[in-house]
Amino acid sequence: MAKLVQKFGGTSVRDVERIKAVALRVKGAVDAGNQVAVTVSAMAGVTNQLVDHAANVSTLHDAREFDVVVSSGEQVTSGLLAMALQDLGVSARSWLGWQIPVWTDSVHGRARIREIEDTELNRRLESGEVAVIAGFQGLGSDNRITTLGRGGSDTTAVALAAALKADRCDIYTDVSGVYTTDPRIVPKARKLHSITYEEMLEMASVGAKVLQTRSVELAMKYGVRLQVLSSFDTVPGTMVVGEDEIMEHEVISGVTYSRDEAKITLLRVADRPGVAASIFGPLADASINVDMIVQNISEKGDATDLTFTVSEADLEHAVSVIQTHRDAISYEDLLWDPNVVKVSVIGVGMRSHAGIAQRMFQTLADKGINIQVISTSEIKVSVLIEEAYTELAVRALHTAYDLDAR
Ligand code: ASP
Ligand code: MG
């Protein structure tokens, strides 16, 4: 018997049939003797529709009213799931963010959770009642409904699990776990049995969008044991846990890629103090995130080339910011290229194994793929390559690190 938080995402509650199937699954956990709190998303597509409605009524809408509108999808699914459970003879009650309350700050549209009132919830769970909690929403310090940012019901689930000191937080979705790479590109991709919080964070930051990043940060901070699994089958998923829980770790746990990258190069930038600040300052002021950066040493100590990447959506804007500041930066030429992809290998095993980066470089070299930019962290090596080589590179690396399913 355990205390569980179960979260069901949009595709898992996309229609009434699916909601009934979810109810059966929750009943199974209750019948097994567990205390269960459930968090739900809105039905698939509903939040997008609500966001559109808001934009169509008023482009400069009040953020407080925006939250009133977009939080409503979760109200519907929490009520429907509570009904479906009651129909199966399971004692259940729905809870909106303000009824618990899930206290947040008052940054509407992307509020952060401050505290969850757990006394009454715990009392109900102990009495055998299932709590069905609307995800994604909270109550701001201004006493109005807030939302946690897109994908925020993951964060609701983890915060609840932390507050209730749950034994596990199960995130039900439409994939059966976290894979060694994208199965659409590499048919031999394997589902991981377990992965550390840190690896999951790195994976999320480079394009594997299984969990909202904030929810993983929160899980790591409070040591919430997460499981990512499918609501469409009954096989175990992937556990996201602390490093100490994983007995024998693979050196590399995943190969990821992000096509949403664009490269900008400044040729012959003056090589003097303050130049990097003169480039990246205006970009930061324009809220443009810069990812990888390389700067060459200058031949005669006067000028150097500088390359960096931004997201593809920011490319045009970034180029125009640099052009606007041409005089202050002083460069000879400006080049850009959206046809690049960032490929990364991730694994905590890198800390204790030498030669991981070298294997990556050799593998790409063997395939004749040129590396344009390299960046590393303690548990990740990323390279920027031409986008046309994405599949080839990912497959070759997956094999080179011995990740292929046998
Ligand atoms: N319904 C919200 C969204 O679509 C929250 C969530 O599903 O996590 O972003
Ligand atoms: Mg989601």
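Order of listing sets the numbers, starting from 1, for every ligand and every atom in it.
- Counting atoms of ligand 1 from 1 in the listed order, those under 4.0 Å from a heavy atom of S41 are 6 (C), 7 (O), 8 (O).
- Only the side chain of E74 comes within contact range of ligand 1, with a heavy atom under 4.0 Å; no backbone atom does.
- By the side chain to side chain donor-acceptor pair (under 3.5 Å) test, R395 pairs with no residue at all, sequence neighbours left out.
- E202 and S377 are linked by a side-chain donor-acceptor pair at a separation below 3.5 angstrom, with hydrogens and angles left out of the test.
- Screening R259, R184, K367 for a salt bridge (Lys or Arg N to Asp or Glu O under 4.0 Å) involving E391 leaves a single residue, R259.
- Those atoms of ligand 1 that come under 4.0 Å of a heavy atom in R150, given as number and element, are 3 (C), 4 (O), 9 (O).
- Between the side chains of D404 and T399, a donor-acceptor pair is found at a separation under 3.5 Å.
- Here's the thing with T47: one of its N/O atoms is less than 3.5 angstrom from an N/O atom of ligand 1.
- A heavy-atom separation below 4.0 Å is found between G152 and ligand 1.
- Inclusion of G151 in the set of residues having an N or O under 3.5 Å from an N or O of ligand 1 is warranted.
- Residue F232 qualifies as enclosed at atom CZ: its count of foreign heavy atoms under 6.0 Å is above 12.
- Annotation: S153 places an N or O atom under 3.5 Å from an N or O atom of ligand 1; distance criterion only.
- Applying the ring-ring contact (aromatic ring centres under 6.0 Å, His included) rule to H61 yields the partners F66; only residues at least two apart in sequence or on another chain are considered.
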